[in-house]
Amino acid sequence: MKPTFFITTAISYPNGAPHIGHAYEAMATDTIARFMRLDGHDVHFLTGTDEHGIKMLQTARKEGISPRELADRNTALFQEMARLLGLSNDDFIRTTEARHKKASQAIWEAMKANGDIYLDSYAGWYSVRDEAFYQEGETEVRADGVRYGPQGTPVEWVEEESYFFRLSAYQDKLLALYEDNPDFMGPDERRNEVLSFVRSGLKDLSISRTTFDWGIPVPGDERHVMYVWVDALTNYITAVGYPDVSGETFTKYWPAVHIIGKDIVRFHTVYWPAFLMSAGVAVPKRVYAHGFLFNRGEKMSKSVGNVVGPKELVDTYGLDPVRYFFLREVPFGSDGNYSHEAIIARMNADLANDLGNLAQRSLSMIAKNLGGVLPKAGDISDSDREIMAAADALLPVCREAIGRQQIHQALNAIWAVVADANRYFAAEAPWAVRKTDEVRFGTILYVTAEVLRQVGILIQPVMPGSAAKLLDLLGVPVEERGFDRLGPNHRLVAGGTLPPPVGIFPRFVEEKPAD
RNA sequence: GGCAGAGUAGCUCAGGUGGUUAGAGCGACGGACUCAUAACCCGUAGGUCGGCGGUUCGAAUCCGCCCUCUGCUACCA
């Protein structure tokens with residue numbers, strides 16, 4: 001039986017259209033999912049939308065539609081984005097689905113049965129916009145007579161009955177979890193922050209609301225709906241069949257690796273494992289937080305006018321270059337910058353010039369001089385051996401990198417081999433050798449094609465479409481593109497006729513302003 | 001205020017259990033080649049490795065202080 005692997009994105013809040021941050025997380029998670037599949041795992045890749053909560057209600061009201069209509073409309077946009085980005089998700093969960101209501105109520109009951117949920121009341125200055133309570137001292141009454149919170153948003157006095165989760169009881173258990181599982185979360189900077197937060201003491205958590213009803217009813221007390229995080233986080237186990245913990249899907253896939261943004265680290269590394277421990281469910285395998293993306297160093301905002309949608313990027317540069325750019329340029333876990341210039345630089349230098357051109361020059365040589373028949377290798381020289389060994393050595397390096405979500409490092413390693421292959425090709429100068437030594441000529445082209453084969457297989461997770469194109473040109477059968485075909489044991493078979501070469505990665509040529 | 005991380009070539013960053021001429025990519029400049037997507041290949045970049053002081057035969061790498069930036073967190077009011 002194959003080893004299994006369950007990976008998730010955070011579910012998106014669809015009170016607006018998807019932006020580049022959503023796309024980034026989705027592309028990265030998809031890449032890891034694809035990598036693991038190619039590496040022989042039975043993968044379950046989950047993404048979806050978090051459709052409840054007061055903000056959805058407010059946005060809907062503003063637009064004069066029901067929250068349900070808003071959710072349907074905007075979730076469709078997220079599903080469209082998933083198609084646009086070529087996501088290979090196995091499931092798309094919506095928190096408004098029946099299965100999720102069932103799972104959320106079940107985890108609630110389980111936490112309650114464990115004595116961790118109690119009824120109390122919460123009073124304080126509440127900011128609807130921040131979704132947070134503040135101490136009176138944190139607020140101020142301004143000249144307009146309105147009281148504002150520390151984020152500059154209006155606050156109102158709210159006193160409401162609420163169910164609480166006994167988070168305070170989990171401090172030691174959480175610390176033990178972090179201690180015993182150093183890989184529970186990453187990157188390391190986040191770990192320190194979470195540790196100090198938990199060490200400083202945990203307060204019980206308000207987990208229900210009575211002031212609105214767009215949510216999952218609390219079982220046994222339908223005046224309340226579950227507050228955002230119980231509802232939202234539970235999606236991960238809903239999708240594998242919770243509460244049927246002995247069901248096939250659940251036993252097979254849970255626990256998951258969660259890929260999230262750095263803004264929701266606490267919910268995933270503190271609240272979520274506490275909920276799960278309370279409910280008697282295994283905690284996640286790992287939580288990894290990526291950074292934010294900035295357009296030319298500026299945070300994207302509608303007022304600055306630098307909001308770029310995923311669709312515009314894909315339309316402008318093409319899907320694979322966009323995926324490649326973000327995953328290669330931004331160390332996964334750090335914040336990153338993007339700009340038109342940076343994207344073009346990457347796609348032209350790495351894709352068109354380095355990889356695309358290497359494929360083009362070698363394959364067209366085979367087409368023009370050898371009638372498109374893949375030559376067989378003659379005597380293998382040291383330089384041949386060296387470059388093939390470099391390609392053969394990539395899988396363990398990439399595996400290690402992807403295992404720690406360091407997608408950029410895997411790409412780095414692959415492109416180092418591409419650069420080596422270009423040096424190899426230039427040093428061997430097949431265009432000159434052709435005139436004097438047919439056998440050596442064929443050998444150089446064979447070796448180059450073999451390196452391209454391995455590169456093609458390895459870049460499938462990041463650029464599925466382009467990789468397929470490259471492997472097609474090399475005559476690699478579709479069923480021989482898994483990672484089990486990497487390395488020296490499944491070299492290209494000589495003698496086959498290759499299709500006429502076509503460009504894989506076109507250069508991005510700036511359109512001259514027509515003035 | 002506390003804690004954590006960061007400050008290295010024009011740009012983006014590697015590195016750093018202390019030890020020959022501090023690295024890569026991009027950009028720029030020069031050269032070579034002409035198979036190829038005006039691509040590829042070779043060479044050049046003379047950077048106080050944030051600042052000051054210390055330890056040491058020797059520090060970018062260890063210690064102390066300071067400055068700047070970022071994150072988390074607290075508090076004053």
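So you know, we letter chains A, B, ... as the sequences are listed, proteins then strands, and number each from 1. If you're wondering where the values come from, they're calculated on a predicted model, not measured in any experiment.
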query: Mind checking the C1' distance from rU17(B) to rC62(B)? Whole angstroms is fine.
result: 11 Å
task: Please state the P separation for the pair rA36(B) and rG31(B) - nearest whole angstrom.
output: 24 Å
Separation of [X] atom [atom1] from [N] atom [atom2], in whole Å?
X         : N       : atom1 : atom2 : result
Asp350(A) : rC40(B) : CG    : P     : 10 Å
Leu358(A) : rU37(B) : CG    : P     : 13 Å
Asp335(A) : rU70(B) : CG    : C1'   : 9 Å
Leu445(A) : rC35(B) : CG    : P     : 14 Å
Met365(A) : rU34(B) : CE    : P     : 12 Å
Gln409(A) : rC13(B) : CD    : P     : 15 Å
Gln406(A) : rA14(B) : CD    : C1'   : 14 Å
Ile414(A) : rA24(B) : CD1   : C1'   : 18 Å

From the set [options], return the single nucleotide nearest to any side-chain atom of [X].
X         : options                   : answer
Arg190(A) : rC33(B), rG71(B), rU37(B) : rG71(B)
Phe505(A) : rC35(B), rA4(B), rU37(B)  : rU37(B)
Asn192(A) : rA4(B), rC41(B), rC35(B)  : rA4(B)
Asn422(A) : rC41(B), rC35(B), rG71(B) : rC41(B)
Glu193(A) : rC35(B), rG71(B), rU37(B) : rG71(B)
Ala426(A) : rC35(B), rU37(B), rC40(B) : rC40(B)
Trp431(A) : rC42(B), rA39(B), rC35(B) : rC35(B)

Cation-pi, Phe292(A) ring and Lys262(A) (6.0 angstrom, 45 degrees): yes
message: Salt bridge or not between Asp420(A) and Arg423(A)? Use side-chain N to carboxylate O under 4.0 Å.
response: yes
field: Short N-O contact, Asp392(A) and Arg385(A), less than 4.0 angstrom
entry: no
statement: Between Glu189(A) and Val502(A), the residue closer to the 5' end of RNA chain B by nearest nucleotide is Glu189(A)
Contact under 4.0 Å: [X] side-chain N or O vs [N] OP1/OP2:
X         : N       : answer
Asn353(A) : rC40(B) : yes
Lys368(A) : rA36(B) : yes
Arg507(A) : rA39(B) : yes

message: Looking at rG10(B), which nucleotide sits across from it as a Watson-Crick or G-U wobble partner, both distances under 3.5 angstrom, or is there none?
response: rC26(B)
- request: Please give the nucleotide sitting opposite rA39(B) as a Watson-Crick or G-U wobble pair, both distances under 3.5 Å, or none.
  value: none
message: Is the ring pair His268(A)/Tyr236(A) parallel, tilted or perpendicular, if the boundaries are 30 and 60 degrees?
response: tilted
task: Determine, using ring centers only, whether Trp229(A) and Phe165(A) are less than 6.0 Å apart.
output: no
field: Pair His408(A) + Phe332(A): ring centers closer than 6.0 Å
entry: no
